[in-house]
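Scroll down for the structure; my scribbles are underneath it.
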Protein chains: 2
Amino acid sequence: MPTEKTLRAGSAQKRAAILASARELFLTEGFDRSSVDAVAARAQVSKRTVYDYFGDKQTLLHAVFDEVGQSLLATVRRTLTDTLEGLTDPAELEPALVEFSMRITTDMLDSAEYTTLQRFVNTASGHLPHPDDRALTNAPEEAMGERFAALAKAGLLEVPDPRLAADHFIALTFGVTLSRLGSANAEKDSRVRPLIVEGVRAFLRAYRR
Amino acid sequence: MPTEKTLRAGSAQKRAAILASARELFLTEGFDRSSVDAVAARAQVSKRTVYDYFGDKQTLLHAVFDEVGQSLLATVRRTLTDTLEGLTDPAELEPALVEFSMRITTDMLDSAEYTTLQRFVNTASGHLPHPDDRALTNAPEEAMGERFAALAKAGLLEVPDPRLAADHFIALTFGVTLSRLGSANAEKDSRVRPLIVEGVRAFLRAYRR
DNA sequence: GAGAATGCACTACACCGTGTAGTGTAGTCT
DNA sequence: AGACTACACTACACGGTGTAGTGCATTCTC
């Protein structure tokens with residue numbers, strides 16, 4: 001077995017530290033410009049340990065990618081049920097959608113996670129081979145689509161293609177905000193809310209029953 | 001004057017060749033992963049000449065950035081007048097918008113120019129200091145805003161904030177297409193047109209008079 | 001049960017190979 | 001004569017590996 005590589009199970013603490021460090025650096029500085037030395041230093045761990053836990057830099061990127069994707073999906077799901085569960089009053093629809101969108105947008109913009117995540121998917125240095133990745137990336141949109149379908153069933157929206165509606169909603173709120181204010185501070189920026197509100201209104205004009 | 005650098009005026013031909021080569025490489029491979037040697041080789045020019053024309057790699061990037069921005073703006077303006085000039089028949093609005101959007105989207109997706117342009121603005125290795133850049137990046141949206149305002153004046157649209165409407169239109173058509181199909185082949189891909197059509201329809205539901 | 005031995009995660013550090021930005025220069029082409 | 005090339009060269013950063021050594025817990029031994 002020449003290519004047999006034994007990765008240590010190790011204290012989950014160090015592993016988490018390395019992962020957090022890599023996540024922070026990769027997402028802010030970019031993958032190429034983040035050296036493994038820097039990741040190790042930030043995690044207060046020797047470079048050798050990084051290589052013992054994760055085999056190489058690509059694998060480390062992959063681990064970060066998975067983690068970010070999972071946490072993003074979890075946030076979306078939680079916020080979805082927090083703000084849009086069991087809505088029946090049409091008058092509450094707009095404020096609820098604004099609330100949902102604001103929470104997601106501020107969450108995402110602050111750490112620039114979604115942005116760089118997408119950047120990884122499209123441009124990643126060295127293509128990502130795992131087919132799981134696309135699925136993971138699309139999962140948040142799927143979840144939103146299901147929620148929109150539920151709102152349609154409740155008679156609040158008219159949504160022939162829920163998944164497409166989800167894409168449109170994201171584009172009108174998060175997408176516009178991101179492209180206007182390039183991933184800089186979100187909840188503090190007073191320009192965010194009006195953009196979101198207008199995005200939600202446009203969405204409702206297009207999709208309200 | 002210690003930092004005085006003398007850049008050659010030189011035959012515009014070589015300069016253009018270098019610029020084209022850099023543009024191609026930077027946009028497809030990414031800035032970091034494109035070596036100056038590769039740029040020089042592709043332009044069939046010695047590396048020394050590259051450094052004689054442009055001072056360093058950053059400056060070369062900046063020149064590419066400007067050129068792409070200008071050409072993008074020109075394309076948008078031309079397509080705008082080609083497809084949306086002097087529209088009066090409401091029935092022609094949807095097909096005209098689809099046509100406009102298809103042409104822009106296929107143009108942009110094929111060479112991935114817009115994508116990577118945006119990527120440069122936000123993440124560029126070494127922040128771009130020039131204030132011109134943001135303005136240049138926003139110019140296409142401004143142009144579209146003006147056209148939408150004209151369509152509103154003609155009674156075809158209801159557009160209180162033309163610039164915002166432009167952002168919404170881009171998000172619904174180009175933005176959605178880009179995020180679904182990651183910048184891969186455009187006019188050949190049969191999934192593009194339906195996405196654009198649905199984006200335009202959603203836009204019209206939200207903005208039609 | 002005290003102390004030695006063992007195993008293991010981890011560090012510190014040197015090292016290799018390679019890729020790349022940028023320069024200096026001698027020579028060639030027009 | 002000046003634009004341009006070919007090329008050698010510097011300086012450096014980075015990915016990855018090998019290894020000597022350290023701290024520490026568990027286990028073995030008497």
Side-chain angles (χ1 to χ4, degrees), chain A residues 1-26 28-65 120 124-128, chain B residues 1-26 28-65 120 124-128:
Chain A
M1 310 293 172
T3 354
E4 190 80 16
K5 293 218 171 171
T6 322
L7 301 188
R8 301 184 186 175
S11 78
Q13 201 163 336
K14 300 252 168 189
R15 199 191 143 88
I18 295 170
L19 216 45
S21 162
R23 173 172 171 166
E24 173 71 17
L25 284 176
F26 288 176
T28 58
E29 304 296 322
F31 178 70
D32 288 329
R33 281 180 293 285
S34 304
S35 70
V36 178
D37 290 278
V39 171
R42 188 172 232 276
Q44 290 181 317
V45 145
S46 82
K47 178 163 76 160
R48 205 60 184 82
T49 304
V50 174
Y51 278 99
D52 285 342
Y53 273 98
F54 308 86
D56 58 14
K57 207 188 177 190
Q58 279 292 329
T59 309
L60 180 55
L61 168 64
H62 223 103
V64 168
F65 180 83
F120 281 161
S125 48
H127 322 299
L128 320 181
Chain B
M1 308 292 175
T3 355
E4 191 80 15
K5 292 216 175 175
T6 321
L7 302 188
R8 300 184 189 173
S11 81
Q13 201 162 337
K14 300 250 169 190
R15 199 191 144 86
I18 296 169
L19 216 44
S21 162
R23 173 173 171 165
E24 173 71 18
L25 285 175
F26 288 175
T28 57
E29 304 296 322
F31 179 70
D32 287 328
R33 283 181 292 286
S34 304
S35 69
V36 177
D37 289 282
V39 171
R42 187 172 233 278
Q44 290 181 317
V45 145
S46 83
K47 177 162 77 159
R48 204 61 184 81
T49 303
V50 173
Y51 278 99
D52 285 342
Y53 273 99
F54 308 86
D56 58 14
K57 208 188 175 188
Q58 280 293 331
T59 309
L60 180 56
L61 168 64
H62 219 256
V64 168
F65 179 83
F120 283 161
S125 47
H127 321 300
L128 321 181

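Each chain gets a letter, A, B and so on, in the order its sequence line appears, and its residues count up from 1.
- Side chain of B/Lys57, nearest nucleotide from D/dT5, C/dA21, C/dC10: C/dA21.
- Whole-Å rounding puts the B/Leu61 CG to C/dA21 P distance at 12 Å.
- Using a 4.5 Å heavy-atom threshold, the side chains of B/His62 and B/Phe54 count as separate.
- Rounded to the nearest 0.5 angstrom, B/Ser34 OG and B/Glu24 CD are separated by 9.5 Å.
- Between the P atom of C/dT11 and the CD atom of A/Gln44 lies a distance of 10 Å, rounded to the nearest Å.
- Take the nearest nucleotide of DNA chain C for A/Val50 and for A/Lys47: the residue whose nucleotide is more 5' is A/Val50.
- In this structure, of D/dC4, C/dT23, C/dC10, it is C/dT23 that holds the atom nearest to the side chain of B/Tyr51.
- Residue contacts for B/Ser35: at a heavy-atom cut-off of 4.0 Å it reaches the sugar-phosphate backbone alone, with no base atom in range.
- Residue B/Gln13 contributes atom CD, which lies 14 Å from atom C1' of D/dC4 at whole-angstrom precision.
- Using a 4.5 Å cut-off on side-chain heavy atoms (C-beta onward), B/Phe26 and B/Val39 make contact.
- Look at CG on B/Asp37: it is 14 Å from C1' on D/dT5, rounded to the nearest Å.
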Show which side-chain atoms of residues 41-48 of chain A pair as donor or acceptor with protein atoms under 3.5 Å away, not counting sequence neighbours.
unit_1  : atom_1 : unit_2  : atom_2 : d
A/Ser46 : OG     : A/Arg48 : N      : 3.4
A/Ser46 : OG     : A/Thr49 : N      : 3.2
A/Ser46 : OG     : A/Thr49 : OG1    : 3.0
A/Arg48 : NH1    : A/Asp52 : OD1    : 3.1

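- B/Asp56 approaches B/Tyr51 most closely through the heavy-atom pair CA-CE2, 4.1 Å.
- Listed pair B/Tyr53 / D/dA3 fails the phosphate criterion, with no side-chain N or O lying under 4.0 Å from OP1 or OP2.
- To the nearest 0.5 Å, atom OG of residue A/Ser21 and atom NZ of residue A/Lys14 are 12.5 Å apart.
- Phosphate proximity of D/dT5 to B/Lys14: present, with a side-chain N or O under 4.0 Å from OP1 or OP2.
- When the P atom of D/dA3 is taken as reference, atom CD1 of B/Ile18 falls 14 Å away, rounded to whole Å.
- Among the nucleotides D/dG15, C/dA21, D/dT5, the one closest to the side chain of B/Ser46 is D/dT5.
- Here the P atom of nucleotide D/dG15 and the CG atom of A/Leu25 are 11 Å apart, to the nearest Å.
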Just the table, please: protein N/O against nucleotides 24-30 of chain C N/O, every pair under 3.5 Å.
unit_1 : atom_1 : unit_2  : atom_2 : d
C/dG24 : N7     : B/Arg48 : NE     : 3.1
C/dG24 : O6     : B/Arg48 : NE     : 3.4

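- Between the CZ atom of B/Phe54 and the C1' atom of D/dC4 there is a distance of 15 Å, given to the nearest Å.
- A side chain to side chain contact (heavy atoms under 4.5 Å, CB included) with A/Val36 is found for one member of A/Leu60, A/Leu25, A/Val50 and no other, namely A/Val50.
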